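Structure, as structure tokens:
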Amino acid sequence: MNLLASIRQRFLPALKDLVEDPAPLLDLVRPAQDARFGDFQANFAMPLAKQLGRNPRELAQQIVDSVDLGDFCEPLEVAGPGFINVRISTSHLETLLQQVAGDDRLGVVPVSSPRHFVVDFSSPNVAKPMHVGHLRSTVIGDALCRTLRFAGHKVTSDNHIGDWGTQFGMIIYGFRHFRDETSWQEEPVTELARLYRLVNQLSEYHATRSSLPELTRSLDAARTELEAATAEAEVADDADRKKLKKRVSAANKEVASGEAALHSAEAAIAAVENSAALSRQAADHPQIARLAREETARLHAGDEENLRFWNEFLPCCLEALQRVYDRLDVQFDLTLGESFYNPRLADVVDSLAEQGMAVLSDGAMCVFSPESNAPFIVRKSDGAFTYATTDLATVQYRRDELRADEVLYVVDKRQSGHFQQLFETSVRWGIGDLQFRHVSFGTVMGSNGRPYKTRSGDTVGLESLLDEAVSRARRIVDENDDRRETASLTDEQRARVAEIVGLGGIKYADLHHNRDSDYIFDWDKMLATTGDTATYMQYAYARVCGIFRKLELDRSDIDFSRIPVLLRTDEERRLGLQLLSFGYALDGVLAEYRPHLLTSWLFSTAETFSQFFDKCSVQKAESEELQKSRLVLCDLMARAIRTGLSLLGIDVTETM
RNA sequence: GCGCCCGUAGCUCAGCUGGAUAGAGCAACGGACUUCUAAUCCGUAGGUCGGAGGUUCGAAUCCUCCCGGGCGUGCCA
């Protein structure tokens, strides 16, 4: 049992006498927010006093008098309006540290009732190269899988790839008409990506051209409205002014977005028309969008040739994805894409129709929710199924075949509406006890506050992103090592460190934000040699390894559990206390699936260690006992960082 | 129109079901390397928590309104 849990346990009897359900009150026992308040603080006396109509300080004192914590705490103190401050006795901390010494789990015990989680993450469209947008889902999803497993749950990671959608029709169309045979033989994935982009560009070109008049018209309308609203606002009296001000600002926005839309449309058209080759292709394929959709439809209908193409394309696409996952060290237990569920979709719609949940509306089969008026479309008017249908089939499969208790969807927060409909429909459909959770996250932004793009406006490919992270890290590794009196790393070691630091930096930058917020992608920040970055933890790890190297000790040869721990200085005590809090950092992560609580624990741990490193020499410890004790702390610290980072999918290195 | 989200230090962000004097990192300024890796540590400075009300012993946190921004919203996924 961890320290916090045992303190709560001791408060339980006193609270039980006062209220029926002491659990919410016990949650108010927390690590102290300030060292002056001790190590832990109990905040329950105030709300409880209100509930009982009593004086909070007196109540706190009464509880303090009846609680038995003497064997491991200093005397409890009542402070302020009724806070109870708890300071663990140093000798108890020493005992606890000795108990967890040498333990990779730092005393964290697996959950008593494991659940089976299916974690749905990454989920790229296989026909397109992965881009920066897939990074968050992949990194957060992987971190959650690792953390859930560590906690003792059963986890099935599932990559729900898009391998059956519209984009395959586009590739098939491109393959038929625009294939470059040499490049297809030599670089199939690159060629498929090129075909996808080409067909997409030509389709967009035609669509944009035909939408141009409408864009111009609505921009004109917006400008007219802006003029009208502005004119009216000038002569309005106070009562109307506010309303009109709103109208003006809305009209302003409308004009701005109209102008932006027009400009980007013109740019898209120019991009094609400025190229002789593209213009010719566009002219030769005026119906390209429709024809590409028909290729998709033929594929779904079982057309032999299209299926053959699909079977030919898919392995190369998957191979390309696998390269990225291998490099990121992300593993999936299952990769069940849309195509896997295809045979089940018709039954899903039938079942919904039988239950009277799905009805025909404007030719489409829709599930209407009693609460919202937005339909959940499970079959389009052209007969094709949608991702709503696939997701419902997936829910059914995960319950019936995988026997999941809970499904986590690590998906962009912009899809929250879809998931709300999915979960609600599933419940009404009769999915039973299966729990759902949309683990949503914000958009990756560029420094301009817009979604992260290359200078030319393309999405950024994930592989080139990883390459850049590593090459930037390499420059930093070189600089640091060259600055030393004698460089300590070989060329090979530098390359390895750069890989670990570069990929760690990119992952950590993502994970250390609260996942809900959008975050600004910034190379300099994520690879900074100072501050709250993966590098800081990795460096702390390398330094602790350096201590053992210096003393010519092999950590694996030492039985740390037999060495008495002595916490003589503030730095040692703080480090010890910090190391004992790993468990509640993990509880925090899993309470709402927020990995940033683990990054912040790791940062505190590394920081506390750095202070210890600064003040408490191991090599020059005052006595042999003290040196051994410090080695225990060092070993625990190394395990803490290595284990904690590993739960985030981040590696460490012994030298850097 | 309807729905969801956001606004905290110059910048990037934490702040858990309301708790003590609102915290980090970066940037700025000043210190610390004959000493286990200075990719470090110590210190200083920096805030009307978008605004106004309300709920109460106590509000960045809960409620209402206002201002500003984002996203989603019937046949893309």
Side-chain angles (χ1 to χ4, degrees), chain A residues 24 27-28 30 32-34 36-37 41 43 46-47 49-50 55-56 79-83 85 123 125 162 165-167 242 245-246 249 253 338 361-366 372-382 384 386-388 390-391 411-418 420 440 442-443 447 449 476-477 479-481 483-484 488 501 509 512-514 516-520 522 524-525 528-533 535-536 538-540 542-551 588 591-592 594 596-597 599-600 603-604 607 610-611 613-621 630 634 655-656:
Chain A
D27 283 344
L28 295 173
R30 297 167 186 175
Q33 56 163 351
D34 190 306
R36 283 168 315 172
F37 307 142
Q41 60 184 68
N43 298 344
M46 288 84 78
K50 189 186 288 187
N55 176 300
F83 295 101
N85 294 338
S123 311
N125 274 322
T166 322
Q167 72 280 11
K242 216 164 67 180
K245 223 174 124 190
K246 227 174 186 175
S249 115
K253 254 187 252 173
E338 292 166 345
S361 167
D362 290 343
M365 283 298 268
C366 301
S372 82
N373 44 11
F376 198 47
I377 298 176
V378 293
R379 198 180 65 209
K380 298 191 282 184
S381 51
D382 67 3
T386 70
Y387 76 137
T390 314
D391 280 355
V411 180
D412 193 311
K413 70 179 173 189
R414 283 172 298 195
Q415 291 195 41
S416 63
H418 168 72
Q420 214 173 324
S440 60
T443 311
S447 51
I476 294 167
V477 171
E479 265 172 41
N480 270 286
D481 206 33
R483 210 167 45 215
R484 289 176 183 140
S488 60
V501 167
H512 105 282
H513 285 81
N514 184 338
D516 283 322
S517 33
D518 295 342
Y519 95 95
I520 296 183
D522 184 333
D524 294 332
K525 276 187 177 132
T529 55
T530 56
D532 186 4
T533 60
T535 312
Y536 183 77
Q538 289 166 327
Y539 181 65
R543 289 214 290 180
V544 79
C545 291
I547 294 174
F548 288 93
R549 249 193 327 273
K550 190 79 176 187
L551 297 173
E592 288 194 325
R594 297 193 184 279
H596 81 277
L597 296 173
T599 64
S600 93
F603 182 60
S604 300
E607 191 175 40
S610 292
Q611 292 160 348
F613 185 92
D614 220 48
K615 288 278 169 55
C616 307
S617 174
V618 178
Q619 195 181 11
K620 298 185 175 169
R630 287 179 177 170
C634 286
T655 53
M656 66 187 278

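Note that these values count all heavy atoms, side chains included, but never hydrogens, waters or copies made by symmetry. This one's a predicted model, so the numbers in the text were calculated from it and none came from an experiment.
- Residue A/S617 has its side chain nearest to B/C36 when only B/G15, B/C36, B/U37 are considered.
- For the atom pair NE2 of A/H513 and NE2 of A/H596, the computed distance is 10.5 Å after rounding to the nearest 0.5 Å.
- For the pair A/C366 and A/S361, the tightest heavy-atom approach, listed with the atom from each and the gap, is SG-CB, 4.2 Å.
- Judged by distance alone, with hydrogens and angles left aside, A/R36 brings a side-chain donor or acceptor within reach of the base of B/U21, the pair sitting under 3.5 Å.
- Across the interface with RNA chain B, nearest-nucleotide mapping of A/F613 and A/S610 shows A/F613 to be the residue nearer the 5′ end.
- Nearest nucleotide to the A/D614 side chain, out of B/U12, B/C41, B/C13: B/C41.
- One cannot find a donor-acceptor pair under 3.5 Å joining the base of B/G70 and the side-chain atoms of A/K413.
- Going from atom CD of A/E338 over to atom CG of A/D391 covers 8.5 Å, rounded to the nearest 0.5 Å.
- Using a 5.5 Å limit on the distance between ring centres and a 30° limit on the angle between planes, the aromatic ring of A/F603 does not count as stacked on the six-membered base ring of B/A24.
- At a cut-off of 3.5 angstrom, counting only N and O atoms as typed in the model, there is a donor on one side and an acceptor on the other between the side-chain of A/Y387 and the base of B/A77.
- Taking the C1' atom of each, B/A20 and B/A59 are spaced 14 Å apart, rounded to whole Å.
- Atom name P, nucleotides B/G72 and B/U48: the rounded distance is 34 Å, in whole Å.
- Rounded to the nearest Å, the gap between the P atom of B/G19 and that of B/U61 is 11 Å.
- The distance between the ring centers of A/Y387 and A/H418 falls below 6.0 angstrom.
- Put simply, the side chain of A/T166 and the base of B/C76 share no donor and acceptor less than 3.5 Å apart.
- Proximity note for A/E607 (side chain, C-beta onward) versus B/C75, B/G25, B/U73: the nearest is B/G25.
- Not a single donor-acceptor contact under 3.5 angstrom links the side-chain atoms of A/R543 to the base of B/U40.
- A/D391 comes within 4.0 angstrom of no nucleic acid atom, judged by non-hydrogen atoms across all strands.
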Checklist entry - What dot-bracket string describes RNA chain B from 5' to 3', counting Watson-Crick and G-U wobble pairs whose defining distances are under 3.5 Å, with [ ] for crossing pairs and | for pairs to another strand? => result (((((((..((((.....[...)))).(((((.......))))).....(((((..]....))))))))))))....
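- Taking the nucleotide of RNA chain B with the nearest heavy atom to each of A/Q33 and A/T535, the more 5' of the two is matched to A/Q33.
- Judged by distance alone with a 3.5 Å cut-off, a donor-acceptor contact links the side chain of A/N85 to the base of B/A20.
- For A/T533 and B/G25, a side-chain-to-base donor-acceptor distance below 3.5 Å is absent, hydrogens and geometry of angles not being considered.
- No hydrogens or angles were tested; on distance alone, a donor-acceptor pair under 3.5 Å links the side chain of A/R30 to the base of B/U17.
- Taken to the nearest 0.5 Å, the CG atom of A/N514 stands 4.5 Å off from the CZ atom of A/R594.
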